[in-house]
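Beneath this line is the structure, given in structure tokens, with notes to follow.
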Amino acid sequence: MSSLNYTISFSVDFTSLGDFFLFTYHIMFATCAALLAGSVVLGILCTRALRHQNRFIFMLNTSISDTLTGISVYYLGLFDVQEGYPSRNSTFYILPSFLGVNVMTFLFAQFDRYLAVGHPFFYKRFITRGFVISCCVFSWVYTYLILTIQNVLPVAQAVKLSAFGVMMLQIIVVIKVLMTIKLYIIAKHQLRREAPSPDRDSKKESLRLIVFVVICFLSLWCPSFVNIMVKYLSNGGLRFKNEATNVFAIMARFNALSTPALYIWGSPALRTAVWITVWNRVCTPCHIITTRLFSMNMKPGKGRVLSISQDMRDT
């Protein structure tokens with residue numbers, strides 16, 4: 001294991017300006033995705049009112065996956081990694097499969113919003129918080145159980161299982177598209193007939209948010225899916241040096257940043273929770289320290305460095 005840590009090369013050769021740009025992009029993306037998605041996780045976990053709403057449980061599940069996806073880019077984006085067959089310095093698809101968890105979670109979330117708006121009496125009776133948590137756990141168990149079986153099988157059998165997984169993924173994508181259209185119709189027509197109320201506004205917000213998130217997810221992820229399908233069905237398809245230079249993989253991983261950003265943008269309750277529980281606590285001490293340092297720097301005379309050091313100890 002120690003030899004691997006010393007012999008693995010970087011993802012780019014640093015022979016051109018583009019190499020430096022790509023390497024810097026992956027560092028910035030991994031940091032931003034981990035921080036933004038992580039703040040959503042903390043915001044939901046630390047706010048009891050959000051933890052008891054089913055739609056925020058789904059947001060929590062995808063945000064955990066997005067946080068791990070962001071962290072994984074520190075390896076997939078910075079080092080010479082090639083998943084698949086043949087592989088090179090691979091993680092046996094463990095890191096890329098975080099996005100697979102999101103595919104399942106979004107599907108469950110779409111059905112959840114459909115039942116909540118279209119069949120409210122059935123929803124309140126049967127779709128409990130425990131059931132929603134079970135769906136989220138299932139998305140992780142199913143994704144990594146299939147991955148585990150695929151990794152322990154011989155290569156020939158693993159390829160067949162992978163082809164079956166791609167076929168199932170096709171079915172899920174079709175269902176997601178149909179559900180997105182259905183939810184859009186419900187949001188546009190059915191909710192207009194309801195009398196104005198806080199419950200109606202909450203339903204409208206949740207429907208609009210899940211529609212935007214799923215459309216964005218499919219738009220960024222489908223090019224990679226189509227390229228994978230072309231590879232399986234023919235000898236065509238685009239091939240890249242490694243995961244860091246794979247344009248389609250970069251697009252798919254960008255969901256780890258766009259999804260939590262859409263959550264915060266589309267939900268005032270979540271935005272407030274994230275600000276109060278995370279960023280307000282981080283930004284306020286930094287603002288106080290910066291203000292004090294600036295004021296001390298403006299004071300003329302000796303002992304300026306000593307005063308700044310003392311001020312920082314006091315804070």
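Heavy-atom basis, side chains included; hydrogens, waters and symmetry copies ignored.
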**Message:** I'd like to know whether NZ of Lys241 has more than 12 heavy-atom contacts from other residues, nucleotides or ligands below 6.0 angstrom.
**Reply:** yes
**Request:** Please tell me if the side chains of Thr47 and Arg51 come closer than 4.5 Å, counting only heavy atoms from C-beta onward.
**Result:** no
**Message:** Please say yes or no: joined through hydrophobic side-chain contacts below 4.5 Å, possibly via intermediate residues, are Val137 and Trp140 part of one cluster?
**Reply:** yes
**Asked** Hey, would you say the Phe14 and Phe23 ring centroids sit under 6.0 Å apart?
**Response** yes
**Message:** Just so I know, are the side chains of Glu83 and Leu76 near enough to count as touching, which here means a heavy-atom distance under 4.5 Å?
**Reply:** yes
**Prompt:** Going through the checks in order, is the side-chain hydrogen bond (donor to acceptor under 3.5 Å, both in side chains) test met by Asn242 and Ser11?
**Reply:** CA-CA 7 Å; Asn242 49 41; Ser11 57; 5.2 Å; no
**Item:** Atom pair SG/CG of Cys136 and Leu60 - distance to nearest 0.5 Å
**Value:** 7.5 Å
**Prompt:** Between Leu147 and Ser97, what is the shortest heavy-atom contact and its length?
**Reply:** CD2-OG, 3.7 Å
**Request:** Check step by step if side-chain contact (heavy atoms from CB on, under 4.5 Å) holds for Thr62 and Tyr263.
**Result:** CA-CA 10 Å; Thr62 59; Tyr263 286 160; 2.8 Å; yes
**Prompt:** How far apart are the closest heavy atoms of Ile276 and Asn280, and which atoms are they?
**Reply:** O-CB, 4.0 Å
**Message:** If you apply the rule side-chain contact (heavy atoms from CB on, under 4.5 Å), what do you find for Phe20 with Tyr25, and how did you get there?
**Reply:** CA-CA 8 Å; Phe20 286 95; Tyr25 166 80; over 6 Å; no
**Request:** Classify the angle between the aromatic ring planes of Tyr114 and His119 as parallel (below 30°), tilted (30 to 60°) or perpendicular (above 60°).
**Result:** perpendicular
**Message:** Could you check whether atom CD1 of Ile171 has more than 12 heavy atoms from other residues, nucleotides or ligands sitting under 6.0 Å from it?
**Reply:** yes
**Prompt:** Short question: side chain of Ser65, backbone of Phe98 - any donor-acceptor pair under 3.5 Å?
**Reply:** yes
**Message:** I need the Gln53 CD to Met59 CE distance, nearest 0.5 Å.
**Reply:** 9.0 Å
**Prompt:** Do you know which of Leu270, Ile57, Thr277 makes side chain to side chain contact (heavy atoms under 4.5 Å, CB included) with Ile44?
**Reply:** Leu270
**Item:** Exercise: identify the closest heavy-atom pair between Leu220 and Ser258
**Value:** CD1-OG, 3.8 Å
**Prompt:** What distance do Trp275 atom CH2 and Ile264 atom CD1 have between them, rounded to the nearest 0.5 Å?
**Reply:** 12.0 Å
**Message:** Measuring only between side-chain heavy atoms, which start at C-beta, is Val132 closer than 4.5 Å to Cys135?
**Reply:** no
**Request:** Might you confirm whether atom CZ of Phe131 has over 12 heavy atoms from other residues, nucleotides or ligands at distances under 6.0 Å?
**Result:** no
**Message:** Minimum heavy-atom separation for Leu153 and Ala158, please, with both atom names.
**Reply:** CB-N, 4.1 Å
**Message:** Quick check: closest heavy atoms across Ile172 and Val103, and the distance to 0.1 Å?
**Reply:** CG2-CG1, 3.7 Å
**Message:** Apply side-chain contact (heavy atoms from CB on, under 4.5 Å) to residues Tyr123 and Arg113 and explain how you reach the verdict.
**Reply:** CA-CA 9 Å; Tyr123 183 83; Arg113 290 300 87 196; 3.2 Å; yes
**Asked** How far does CG of Asp66 sit from OG of Ser72, to the nearest 0.5 angstrom?
**Response** 10.0 Å
**Lys176 atom NZ: more than 12 heavy-atom contacts under 6.0 Å** = yes
**Prompt:** Does the side chain of Gln82 reach to within under 4.5 Å of the side chain of Asn89, using non-hydrogen atoms?
**Reply:** no
**Request:** Could you list who else is in Val174's hydrophobic cluster, with ILVMFWY side chains joined at under 4.5 Å, directly or through other members?
**Result:** Leu178
**Item:** Euclidean distance, Phe106 CZ relative to Leu218 CG, rounded to 0.5 Å
**Value:** 9.0 Å
**Co-membership, hydrophobic cluster, residues Trp279 and Leu42, 4.5 Å side-chain** = yes
**Prompt:** Are Val226 and Leu99 connected, step by step, through hydrophobic side chains (Ile, Leu, Val, Met, Phe, Trp, Tyr) whose heavy atoms are closer than 4.5 Å?
**Reply:** no
**Request:** Keeping to residues at least two apart or across chains, list the side chain to side chain donor-acceptor pair (under 3.5 Å) pairs with something in residues 144-155.
**Result:** none
**Prompt:** If two hydrophobic side chains count as joined below 4.5 Å and joins carry through other members, does Ile94 share a cluster with Ile71?
**Reply:** no
**Asked** Crowded around Phe240 CZ? As in, over 12 foreign heavy atoms under 6.0 Å?
**Response** yes
**Message:** Please determine whether side-chain contact (heavy atoms from CB on, under 4.5 Å) holds for the pair Tyr142 and Val101, giving the CA-CA distance in whole Å, both sets of side-chain angles, and the decisive distance to 0.1 Å.
**Reply:** CA-CA 9 Å; Tyr142 173 82; Val101 174; over 6 Å; no
**Fill in**
For Ala273 and Leu50, the nearest pair of non-hydrogen atoms, with its separation, is CB-CD1, 3.6 Å
**Fill in**
So CG of Leu207 and CD1 of Ile185: to nearest 0.5 Å the spacing works out to 12.0 Å
**Request:** Evaluate the ring planes of Trp221 and Phe217, with Trp represented by its six-membered ring, and classify them as parallel (under 30°), tilted (30 to 60°) or perpendicular (over 60°).
**Result:** parallel
**Message:** Could you check whether atom CE of Met167 has more than 12 heavy atoms from other residues, nucleotides or ligands sitting under 6.0 Å from it?
**Reply:** yes
If you look only at distance, which donor and acceptor atoms sit under 3.5 Å apart when one is on a side chain in residues 247-255 and the other is two or more places apart or in another chain?
unit_1 : atom_1 : unit_2 : atom_2 : d
Arg253 : NH2    : Glu243 : O      : 3.2
Asn255 : ND2    : Ala252 : O      : 3.0

**Message:** What verdict does the side-chain hydrogen bond (donor to acceptor under 3.5 Å, both in side chains) test give for Ser139 and Asn61, after you've listed the backbone C-alpha separation in whole Å, the side-chain angles of each residue and the deciding distance to 0.1 Å?
**Reply:** CA-CA 9 Å; Ser139 66; Asn61 198 52; 3.3 Å; yes
**Message:** Hydrophobic cluster membership, with links at side-chain heavy-atom distances under 4.5 Å among I/L/V/M/F/W/Y: are Val141 and Val152 in one?
**Reply:** no
